[in-house]
Amino acid sequence: MTSTTPETEPSTSPGTDLRTTVERFWATAEERDWTAFAETLAEDVVYELPQTRERIRGRERYVEFNREYPGDWHARVERIVAEPGRGQQAVSWTHVTAGLEEMYAITFFTGDEDGRIVAITDFWPEPYEPPAGREHLVERY
């Protein structure tokens, strides 16, 4: 397994590794290039949000979900970790802003043999204050 931050915008084509596809997924989402964004996805992609128990099936619906998402949001990739090979897996950590709100997301991707995304699972953790009693062990930032 390796880890990088995307520096280029490669294209998605048969045989493309999932890391490259995920890099392009985030770059085209940030650019609001919905045609190129759709090209990163398999036709039958499934998107799941476990915290809200929502599921979206299909490329067209998932692209529309992102296109219609309210507000002026932006996503900056902090890290991508990818596992090459058949049944490719990748995870990204992104910093997202929507207006004045800031949050982090962890997104799991599964790719197909053509390098397209077939499954996405998104987690949006909420920040919280740590429990008392461990101040002597931790450093707050």
Side-chain angles (χ1 to χ4, degrees), residues 1-135 137-141:
M1 296 173 88
T2 57
S3 163
T4 65
T5 300
E7 296 178 11
T8 61
E9 294 181 28
S11 64
T12 301
S13 61
T16 299
D17 71 303
L18 187 56
R19 171 190 304 286
T20 301
T21 304
V22 171
E23 290 170 354
R24 184 148 174 81
F25 170 93
W26 286 117
T28 57
E30 178 63 26
E31 295 164 2
R32 308 304 194 263
D33 182 345
W34 303 119
T35 301
F37 180 78
E39 292 170 2
T40 68
L41 307 168
E43 186 68 37
D44 59 349
V45 66
V46 176
Y47 174 67
E48 293 184 334
L49 290 149
Q51 290 157 299
T52 59
R53 298 183 329 272
E54 294 175 287
R55 179 179 296 130
I56 297 172
R57 293 182 189 273
R59 180 186 326 176
E60 187 176 318
R61 290 173 65 115
Y62 182 61
V63 171
E64 197 61 26
F65 173 82
N66 283 279
R67 184 191 332 258
E68 292 179 1
Y69 200 86
D72 183 28
W73 59 269
H74 297 279
R76 181 185 74 229
V77 174
E78 298 289 330
R79 182 179 300 165
I80 295 173
V81 178
E83 180 179 289
R86 188 169 171 84
Q88 298 180 70
Q89 302 288 313
V91 64
S92 68
W93 170 29
T94 53
H95 176 256
V96 179
T97 58
L100 298 176
E101 189 176 7
E102 293 186 45
M103 60 206 98
Y104 288 93
I106 303 296
T107 308
F108 292 87
F109 299 89
T110 301
D112 65 12
E113 61 278 351
D114 293 326
R116 288 195 166 66
I117 299 166
V118 296
I120 305 166
T121 304
D122 234 348
F123 292 91
W124 295 85
E126 294 279 334
Y128 62 93
E129 289 300 311
R134 57 186 187 199
E135 299 83 4
L137 300 172
V138 302
E139 173 184 320
R140 296 295 305 272
Y141 62 93

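Comment: Glu129 engages Arg140 in a salt bridge, judged by a side-chain N to carboxylate O separation of less than 4.0 angstrom. With respect to Glu64 and Arg61, no salt bridge is recorded, no charged nitrogen being found less than 4.0 Å from a carboxylate O.
Taking CZ of Arg32 as the reference point, atom CH2 of Trp73 lies at 4.0 Å (rounded to 0.5 Å). The distance from the CG atom of Asn66 to the CZ atom of Phe37 is 4.0 Å, given to the nearest 0.5 Å. Rounding to the nearest 0.5 Å gives a distance of 8.0 Å between CG of Asp33 and CD of Glu39. Rounded to the nearest 0.5 angstrom, Glu139 CD and Leu137 CG are separated by 12.5 Å. Here Ile80 contributes atom CD1 and Arg19 contributes atom CZ; the two are 6.5 Å apart, rounded to the nearest 0.5 Å.
The side chain to side chain donor-acceptor pair (under 3.5 Å) test applied to Gln51 returns no partner, not counting sequence neighbours. Remark: Thr107 engages Asp122 in a side chain to side chain donor-acceptor pair (under 3.5 Å) (not counting sequence neighbours). In this structure Tyr104 satisfies the ring pair (Phe, Tyr, Trp, His ring centres under 6.0 Å) test together with Trp93, His95, sequence neighbours excluded.
At least one cation-pi condition fails for Arg59 and Trp34: the charged atom is not both under 6.0 angstrom from the six-membered ring centre and inside a 45 degree cone around its axis.
Within the 4.5 Å cutoff, the side chain of Val77 has no heavy atoms near those of the Glu23 side chain. Looking only at side-chain heavy atoms (C-beta outward), Trp124 and Leu49 come within less than 4.5 Å of each other.
Tyr62 and Phe65 have parallel rings, their planes meeting at less than 30° on a 0 to 90° scale where 60° marks the start of perpendicular.
No side-chain N or O of Trp26 forms a donor-acceptor pair with one of Thr94 less than 3.5 Å apart.
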Item to complete: Test Ile120 against Ile56 for side chain to side chain contact (heavy atoms under 4.5 Å, CB included), laying out the working first.
Response: CA-CA 10 Å; Ile120 305 166; Ile56 297 172; over 6 Å; no
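Glu48 places no side-chain N or O within 3.5 Å of a backbone atom of Thr121 that could act as its donor or acceptor partner. With hydrogens and angles ignored, the 3.5 Å screen pairs a side-chain donor or acceptor of Thr21 with a backbone N or O of Gly115.
Heavy atoms only, all atoms of each residue included: Arg116 and Ala42 are closest at CB-N, 3.8 Å.
Of the candidates Asp112, Leu41, Leu18, Val45, Val118 forms a side-chain contact (heavy atoms from CB on, under 4.5 Å) with just one, namely Asp112.
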